[in-house]
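Note sheet for the following structure.
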Amino acid sequence: MSDIKNTELHEPVAEPISEAAMLNSPEIRKKTLKLSLKSLVTLFLAMLLIIICLAVTTIILALKMGSENTDPNFFPVEEEYIPVINDRVYDFYSEDEVVILDDPYYGEIWLRAFQNVPKISYDYSGLVLEDNGRYTYSEDGGVVSRTGIDVSYHQHDIDWKRVAADGIDFAIIRIGYRGYESGLLNLDENFHTYIKGALDAGLDVGVYFFSQALNAREAIEEANFVMENVRGYKLSFPIVYDWEIMEYDSARTNGIHPYTVTECAAAFCDTIKDGGYTPMVYGSRRFALMKLDMSRIPDVDFWFAEYKDGHNEPSYPYDFQIWQYASDGRVDGIEGDVDLNICFVDYGNN
């Protein structure tokens with residue numbers, strides 16, 4: 001062997017450095033520390049950027065919402081739920097089968113017509129607005145309608161003799177109401193005075209109950225309350241179910257389902273009919289078409305409410321027996337405004 005090979009063979013070998021020794025090396029620790037600080041700073045800056053972006057976005061949204069809420073022309077759209085009703089006509093071939101309704105959000109909308117609810121049967125060429133602001137309806141050259149009023153304690157003292165002398169044929173008197181907050185049944189404080197005075201003056205009389213029933217059980221309770229309090233009085237006009245939407249946050253009926261309103265009306269009317277009286281439902285066009293399923297009560301008489309400025313035909317597409325056309329009528333014997341009605345059916349002779 002050469003000298004070179006012998007030298008290489010016998011050269012001392014360096015001892016391997018352990019992992020722990022490497023980590024404890026001052027230079028390694030310095031590099032590791034620098035790397036950790038750099039990572040932390042980068043992470044902190046990234047999080048700070050995200051927070052700033054979220055804050056800016058929140059401020060922009062808040063300012064936008066604030067400007068919309070303070071805009072007097074801004075009104076949130078509250079979609080009104082229209083239930084699918086099986087008794088509506090689904091195969092129609094003429095405009096007569098479609099009901100056009102004015103909606104505050106969508107303008108003119110259409111509803112398919114009911115197939116089991118009788119359509120309007122009056123010839124409005126016989127409808128006349130007289131000089132005294134009251135409507136009459138004639139058929140075959142003769143007046144067949146009757147003029148009436150509806151009253152509650154708001155009318156205060158009434159001279160019924162003068163009312164009758166002023167051409168009023170009938171009166172529908174509020175018998176009571178259910179509190180829209182408490183749910184308690186109440187008798188109209190002037191009911192007994194009114195009905196006695198109207199009957200003594202020779203007027204035909206009916207009554208109405210202002211309902212805030214939440215279910216059929218409460219509606220039946222209301223019907224029984226009415227029949228208990230009309231006992232002993234002669235009613236020639238119907239007992240009317242008047243359920244209305246109360247625009248108060250505290251109303252117990254807020255958000256009530258359309259089917260529930262219909263079930264309440266049906267329960268009330270069935271109970272009244274079973275008691276030997278004529279039932280009737282009161283309502284506006286929107287209420288009748290969008291909150292009631294009239295196909296559930298097609299044989300119940302209807303009292304339609306729609307106020308007119310000047311001579312205009314009523315717009316309800318189905319049959320009705322009484323039309324409440326004014327809330328600002330004037331009648332001798334009553335101080336202030338009173339509702340005016342025209343009746344197309346002579347209940348007094350039924």
Side-chain angles (χ1 to χ4, degrees), residues 126-139 142-177 186-210 226 229-242 244 277-278 280 282 284 301-312 314 320-350:
L127 186 67
V128 177
L129 181 61
E130 306 290 350
D131 293 338
N132 60 2
R134 301 174 187 175
Y135 278 99
T136 60
Y137 178 71
S138 300
E139 290 180 348
V143 175
V144 296
S145 62
R146 309 185 71 201
T147 299
I149 58 174
D150 59 274
V151 296
S152 69
Y153 83 98
H154 295 96
Q155 271 66 48
H156 306 295
D157 295 333
I158 296 178
D159 186 332
W160 289 100
K161 296 292 184 182
R162 290 167 59 190
V163 169
D166 195 22
I168 300 301
D169 303 308
F170 68 91
I172 302 179
I173 302 167
R174 188 178 76 164
I175 188 170
Y177 61 95
N186 300 273
L187 187 72
D188 188 293
E189 61 188 63
N190 284 347
F191 170 69
H192 290 295
T193 300
Y194 282 171
I195 193 168
K196 289 176 183 177
L199 290 171
D200 289 345
L203 273 66
D204 287 322
V205 172
V207 301
Y208 75 93
F209 184 86
F210 183 86
V226 171
N229 284 283
V230 297
R231 190 175 294 118
Y233 296 115
K234 180 185 177 182
L235 297 185
S236 49
F237 270 65
I239 292 177
V240 185
Y241 184 70
D242 175 17
E244 299 182 29
Y277 297 94
T278 300
M280 173 177 271
Y282 169 91
S284 64
D301 288 355
F302 188 62
W303 179 8
F304 177 52
E306 184 179 54
Y307 305 145
K308 294 296 186 180
D309 183 13
H311 180 39
N312 289 282
F320 58 92
Q321 288 67 41
I322 301 176
W323 175 28
Q324 183 188 75
Y325 57 85
S327 62
D328 56 356
R330 292 292 172 148
V331 174
D332 191 28
I334 299 177
E335 185 177 351
D337 296 339
V338 65
D339 295 339
L340 292 178
N341 300 270
I342 178 173
C343 181
F344 298 89
V345 177
D346 192 0
Y347 287 110
N349 291 330
N350 290 344

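Only a predicted model underlies this, so the values are computations on that prediction, with no experimental measurement involved.
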The residue among T147, L127, I322 that forms side-chain contact (heavy atoms from CB on, under 4.5 Å) with I342 is L127
Can you confirm if the aromatic rings of Y135 and Y325 lie within a centre distance of less than 6.0 Å? yes
Tell me yes or no: between the side chains of Q324 and Y282, is some donor less than 3.5 Å from an acceptor? yes
Does T278 reach the side chain of I239, with side-chain heavy atoms less than 4.5 Å apart?
no
Only one of D328, V163, V151, I168 passes side-chain contact (heavy atoms from CB on, under 4.5 Å) with V338, and that residue is V151
Heavy atoms of Q155 and Y194 approach each other most closely as C-OH, 3.5 Å
Using a 6.0 Å cut-off, check whether atom CD of E335 has over 12 heavy atoms from anything other than its own residue.
no
Are any side-chain N or O atoms of K161 and backbone N or O atoms of D200, one a donor and one an acceptor, separated by less than 3.5 Å? yes
Value for CG (N186) from OH (Y177), rounded to nearest 0.5 Å, stands at 4.0 Å
Separation between OH (Y307) and CG (L340), nearest 0.5 Å, reads 10.0 Å
One should read off an interatomic distance between I195 CD1 and L235 CG, to the nearest 0.5 angstrom, of 5.5 Å
Output for pair (D204 CG, I172 CD1), nearest 0.5 Å, gives 10.5 Å
Donor-acceptor pair, distance only, cut-off 3.5 Å: does the side chain of W323 make one with the backbone of E306? yes
key: Short side-chain to backbone donor-acceptor contact, D169 and G148, under 3.5 Å   = no
Correct closest heavy-atom pair for W160 and A171 would be CZ3-CB, 3.8 Å
Here the pair of heavy atoms bringing A201 nearest to A164 is O-CB, 3.7 Å
Nearest heavy-atom approach of R174 to S152 is NE-CB, 3.7 Å
Show the numbers, then the answer: is there a side-chain contact (heavy atoms from CB on, under 4.5 Å) between Y277 and V230?
CA-CA 11 Å; Y277 297 94; V230 297; 3.7 Å; yes
Mutual orientation of the aromatic rings belonging to Y233 and H192 [parallel < 30°, tilted 30-60°, perpendicular > 60°]
tilted
query: Do V144 and F344 come close enough that some side-chain heavy atom pair is under 4.5 Å?
result: no
Item to complete: State, without any angle test, whether D150 and W303 hold a side-chain donor-acceptor pair at a distance under 3.5 Å.
Response: no
Tightest non-hydrogen contact, residues L203 and F170, listed as CD2-C, 4.2 Å
Checklist entry - Does D301 use its side chain to pair, donor to acceptor, with the backbone of M280 at less than 3.5 Å? => result no
query: Is there a donor-acceptor pair closer than 3.5 Å between any side-chain N or O of D332 and the backbone N or O of D166?
result: no
Next on the checklist: If you apply the rule side-chain contact (heavy atoms from CB on, under 4.5 Å), what do you find for Y153 with T193, and how did you get there?
Outcome noted: CA-CA 10 Å; Y153 83 98; T193 300; over 6 Å; no
When rounded to the nearest 0.5 Å, the distance separating CD1 of I149 from CG of N341 is 9.0 Å
Minimal heavy-atom distance between S284 and F302, with the atoms involved, is O-CZ, 4.4 Å
In this structure, CZ of F237 is separated from CD of Q321 (nearest 0.5 Å) by 11.0 Å
Under the salt bridge (Lys or Arg N to Asp or Glu O under 4.0 Å) criterion, do D346 and R146 qualify, and how do the steps go? CA-CA 7 Å; D346 192 0; R146 309 185 71 201; 3.4 Å; yes
